[in-house]
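Worksheet: the structure to be examined is printed underneath.
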Amino acid sequence: MNGKDGILKGIPFAVKDNMEVIGTKTTCASKILENYVSPYTATAVQKVLDNGATLVAKTNMDEFAMGASTEYSAFFTTKNPLDLERVPGGSSGGSAAAVASGMVPFALGSDTGGSIRQPASFCGLVGYKPTYGLVSRYGLVAFASSLDQIGPITQNVRDAALIGEILFGMDPKDSTTVEKHLSLLKDIENPIKNFKFAVPKEFVKDLNSDVKRIFEGVIDRFKKMDVKVEEVSIPSLKYSVAVYYIIAPAEASSNLARYDGIRYGLSVDGKSIDEVYMRTKDEGFGREVKRRIMIGTFTLSATYYDAYFDKAQRTRAKIVNEMNKVFDSYDAIIGPTTPNVAFKIGQLSSPLEYYLQDIYTIPANLAGLPAISLPMGKIGGMPVGLQIMCKRFEDDKMLRIARNYEKVSQG
Amino acid sequence: MKSVIGLEIHAQLLTETKAFCACKIDVNAKPNTNICPVCTGQPGALPVLNEKVVEFAIKSGLALNCEIHQRSSFDRKNYFYPDLPKGYQITQYFHPIATEGYINLDSGKKVRIRRIHIEEDAGKMIHSTENITESKESLIDFNRCGVPLIEIVTEPDMEEPLEAKEFMEKLRDILRTIDVCSGNMEEGALRCDANVSVIDDNGRSSSRVEVKNINSFRYVQYALEYEIDRISKSLKEGKDVKHETRGWDFVTRTTVSLRSKEEENDYRYFPEPDLPILEVSKDLIEQVKKTLPELPDQKAERYVKTFGISDYNAKIISKDRDLANYFESTISAGVDPKDGANWIVNDLLSLFNADSAEFDPGKVSVDALKILIDYTNSSKISRLSAKEVMSEVYKSGRNPADIIKERNLIQVSDEESLIPIIKKVIEGNPAVVDQYRKGKTSVVGFFVGNVMKETKGKADPKAVGELVKKVLDGKV
């Protein structure tokens with residue numbers, strides 16, 4: 001796609017294959033959409049194109065963004081450019097690998113529980129998930145609508161700010177978007193002296209010693225910038241993975257209902273309409289997607305709604321409250337992005353191990369907060385990310401903190 | 001035996017565009033021409049609420065005496081069917097926009113409305129055989145997908161099928177008066193599902209049965225009569241009445257089982273994450289309130305009070321806003337209200353009824369009606385001729401004065417023309433004159449009849465009768 005005139009003129013970029021771009025296949029790395037051609041373009045992608053960038057590729061991902069390694073793509077396993085035996089993370093693993101290998105300077109990803117930040121952490125990049133509502137989801141194939149957000153994966157913080165700002169804006173086609181007129185670049189170089197950061201105990205208590213050592217180094221650097229760093233407790237955080245794995249599959253079970261073999265996508269013939277549905281979905285969806293559809297269907301069923309979905313919604317509200325309270329006294333919450341560096345392809349086997357990959361990234365999605373991951377160090381040559389979260393719509397402050405850290409860490 | 005009836009009604013709203021996208025609503029459009037990524041459930045498409053839908057729902061709520069909620073929200077009702085592209089319907093399950101309303105029946109009985117909520121319609125399917133299970137081929141038209149609906153749910157306050165029918169008619173009249181729904185049941189713009197159970201004389205209640213596919217006002221009554229009869233018989237015979245959903249078959253005029261309650265879908269309702277809470281300001285509610293027209297019952301009351309027309313006529317005329325406006329125009333044109341009401345209800349409406357057509361003010365203009373009433377009142381034409389002319393105007397739309405002229409219907413009533421004819425008839429029947437002289441005054445009719453024959457029916461019989469007496473009595 002040819003770019004127009006604009007600030008990104010001539011710059012190539014890639015888009016995760018769950019964003020509609022008219023005339024291109026949008027497969028979501030699923031057999032069910034293997035030959036689906038987009039009839040329209042996602043608002044976020046259009047904004048980047050309108051600024052002159054040239055779309056060169058759609059990138060691999062975990063099927064329907066459900067995964068943390070890109071191993072769950074129905075088509076390929078994407079490898080980590082820093083170590084080809086390792087995963088690039090996921091679900092936006094293809095976007096991260098494309099940037100890390102230098103194919104493109106930036107790529108768009110989507111983040112439902114960490115799918116931008118975790119691959120950025122694994123590939124030594126900057127991954128930015130904006131505040132929920134800042135970027136239109138129109139044209140982003142829905143996984144969990146109340147959690148999904150599009151954002152950039154870049155090589156540095158300034159690029160993340162530049163692309164982020166381009167993505168922002170109220171979209172008449174997405175009722176959950178708001179107009180905030182945030183300028184991410186304007187004050188990004190300003191110092192952060194006298195800022196106060198919170199480190200949730202829940203984020204550091206089970207850290208492995210390597211990650212812990214690196215993170216302690218981060219704290220030292222911040223302290224040298226006259227930032228106060230204090231440990232806090234956010235007790236409800238311990239429920240965030242459980243809450244997420246009820247809410248996200250519930251929404252997904254409904255969002256993925258439309259792939260029924262009737263209007264588009266894979267359609268497997270059957271003797272009755274029910275057989276068409278069952279065979280289409282059976283052949284079209286992979287194991288992890290099926291697992292989540294089943295979990296979601298179960299937790300939304302009349303008998304279990306109160307015990308699971310409703311309780312999860314209430315717990316989510318509690319997590320939001322507790323996190324917001326922290327922001328009354330602190331400028332940011334910081335911690336590692338992931339519990340470890342990129343694992344080897346095929347290393348994790350149980351779903352639960354994969355689910356725990358998202359333990360630090362999920363809270364930002366549940367609370368709709370802006371969150372960013374940027375490199376904080378390496379273990380055995382593999383990078384690990386620092387995560388910064390701020391109050392809703394304080395994306396500008398968050399990027400400024402990230403930029404300040406980036407400067408000293410590179411300095 | 002006593003029956004308990006509650007209704008669930010779906011009304012298609014007359015907005016120009018769909019509930020959650022900008023596609024036009026046009027029942028005459030070719031299949032699958034008014035569609036877009038949103039209403040065909042393309043990946044990544046999102047719903048955006050049409051503000052007109054909210055306004056129409058508020059208007060309906062107010063007209064049905066409901067409380068309008070300033071905060072309501074949308075939910076997803078999940079089920080699989082080919083006419084439902086997203087695999088879920090957007091509806092308001094947990095927090096509807098309006099609750100606790102009512103409609104008063106003519107008996108004075110209040111039928112309470114539990115809730116009104118906004119939702120979207122599904123597509124339309126055409127099967128090669130009767131239903132989808134046996135059909136080799138089925139076609140889907142997504143034009144109707146996303147057309148806004150309001151669902152109105154009553155409390156089980158009705159006891160007679162006729163009450164249910166009256167409720168539906170009153171509801172239709174109200175929705176049409178406020179311009180939110182065409183009210184046409186045959187076309188599916190207004191749909192009714194009825195819930196019914198029967199309590200026997202020992203106070204034992206049957207299971208509740210839901211009857212679907214009732215597609216006319218008469219069938220509301222017939223379907224319920226059939227179903228109550230069926231349940232009552234089972235109760236009497238000591239048989240079990242299944243808690244089930246049945247469908248009305250208008251061909252056989254029976255209900256047939258569609259599915260038992262165990263086979264019902266679990267709709268897995270949950271809050272729609274793509275739409276924010278629907279907040280409605282007090283101002284908006286007040287604004288909508290101001291646009292509410294006079295409702296049928298209020299109108300009927302005013303007609304009786306102001307114009308002195310009968311209760312019966314007032315109710316019929318006020319049901320239909322076009323008819324009511326027509327009636328008021330005839331009064332403005334100088335027609336006596338009672339005359340106008342009688343002519344409209346007895347003569348004009350019977351023409352439409354004979355055609356099973358809706359009233360259309362363009363068929364017989366106010367001017368035409370006024371001419372007919374004036375001519376009749378001044379005896380220029382007979383009541384019978386007036387009826388004949390009105391029927392011709394209804395058919396052809398021609399000017400009634402022209403038709404009267406062409407058919408030579410003006411009655412002869414002036415003495416100068418009539419007396420010579422009367423004298424001729426009297427002179428030709430001396431025996432009958434004798435009878436009159438002996439006191440048999442009823443023979444006047446004989447002479448009138450003969451005069452009418454002589455004038456080929458154009459004489460005004462009233463005038464002739466008076467003149468015959470005068471001539472016989474030697475007063476002329």
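Here is how names work: the chains are called A, B, and so on, in the same order as the sequence lines, proteins then strands, and each is numbered from 1. Hydrogens, waters and symmetry mates are skipped; everything else that's a heavy atom, side chains included, is used. Remember, it's a predicted structure, so these values are computed and weren't measured experimentally.
- At a 4.5 Å heavy-atom cutoff, the contact between A:Ala302 and chain B is made by backbone and side-chain atoms alike.
- The closest side-chain heavy-atom distance from B:Pro271 to A:Gln313 is below 4.5 Å.
- Along residues 6-32 of chain B, no residue comes nearer than 4.5 angstrom to chain A, judged on non-hydrogen atoms.
- Of the atoms belonging to A:Asp310, not a single heavy atom falls under 4.5 Å from chain B.
- Using a 4.5 Å heavy-atom threshold, the side chains of B:Ile140 and A:Arg263 count as separate.
- With a threshold of 4.5 angstrom between heavy atoms, B:Tyr79 does not approach chain A through any atom at all.
- Only the side chain of A:Tyr259 comes within less than 4.5 Å of a heavy atom in chain B; its backbone stays farther off.
- Only the side chain of B:Tyr88 has a heavy atom closer than 4.5 Å to any heavy atom of chain A.
- Note: B:Ala45 leads B:Gly87, B:Cys36, B:Ala45 in heavy-atom pairs under 4.5 Å with chain A.
- Remark: A:Glu251 CD to B:Glu272 CD distance equals 9.0 Å, nearest 0.5 Å.
- Separation of the A:Tyr305 and B:Phe94 ring centroids falls under the 6.0 Å cut-off.
- Other residues, nucleotides and ligands contribute over 12 non-hydrogen atoms within 6.0 Å of the NZ atom of A:Lys281.
- Note that OG of A:Ser145 is 7.5 Å distant from CG of B:Leu46, once rounded to the nearest 0.5 Å.
- Listed for the A:Ser175 side chain is a donor-acceptor partner under 3.5 Å among the backbone atoms of B:Pro47.
- Of the possible polar contacts, one joining the A:Tyr40 side chain to the B:Gly44 backbone as a donor-acceptor pair under 3.5 Å is found.
- Separation of atoms CD1 (A:Ile262) and CG (B:Asp83) is listed at 10.0 Å; rounding is to 0.5 Å.
- From B:Arg76, atom CZ reaches atom CG of A:Leu300 across 10.0 Å, with rounding to the nearest 0.5 Å.
- Between A:Tyr277 and B:Phe80, the angle of the ring planes lies from 30° to 60°, which puts this pair in the tilted group.
- For A:Ser136, no part lies near chain B; criterion is any non-hydrogen pair under 4.5 Å.
- Heavy-atom contacts from other residues, nucleotides or ligands closer than 6.0 Å to NZ of A:Lys290 number more than 12.
- Of the two parts of B:Asn78, only the side chain, counted from C-beta on, holds a non-hydrogen atom closer than 4.5 Å to a non-hydrogen atom of chain A.
- Using modelled atom types, one finds no donor on one side chain facing an acceptor on the other under 3.5 Å when comparing A:Ser301 with B:Arg268.
- For the atom pair B:Gln42 CD and A:Glu20 CD, the distance stands at 7.5 Å (nearest 0.5 Å).
- Contacts of B:Pro85 with chain A are made by both backbone and side-chain atoms, with heavy-atom separations under 4.5 Å.
- Here the straight-line distance linking atom CG of A:Asp174 with atom CG of B:Asp274 works out to 7.5 Å at 0.5 Å rounding.
- For the set A:Ser254, A:Ala250, A:Gly265, the entry with the most heavy-atom pairs within less than 4.5 Å of chain B is A:Ser254.
- Within the 4.5 Å cutoff, the side chain of A:Tyr138 has heavy atoms near those of the B:Pro37 side chain.
- Within a 6.0 Å sphere centred on OH of A:Tyr264, heavy atoms belonging to other residues, nucleotides or ligands number more than 12.
- If you tally non-hydrogen atom pairs under 4.5 Å between each of A:Leu147, A:Asn255, A:Val276, A:Asp260 and chain B, the highest count goes to A:Asn255.
- Within a 6.0 Å radius of CZ in B:Arg208, no more than 12 heavy atoms belonging to other residues, nucleotides or ligands are found.
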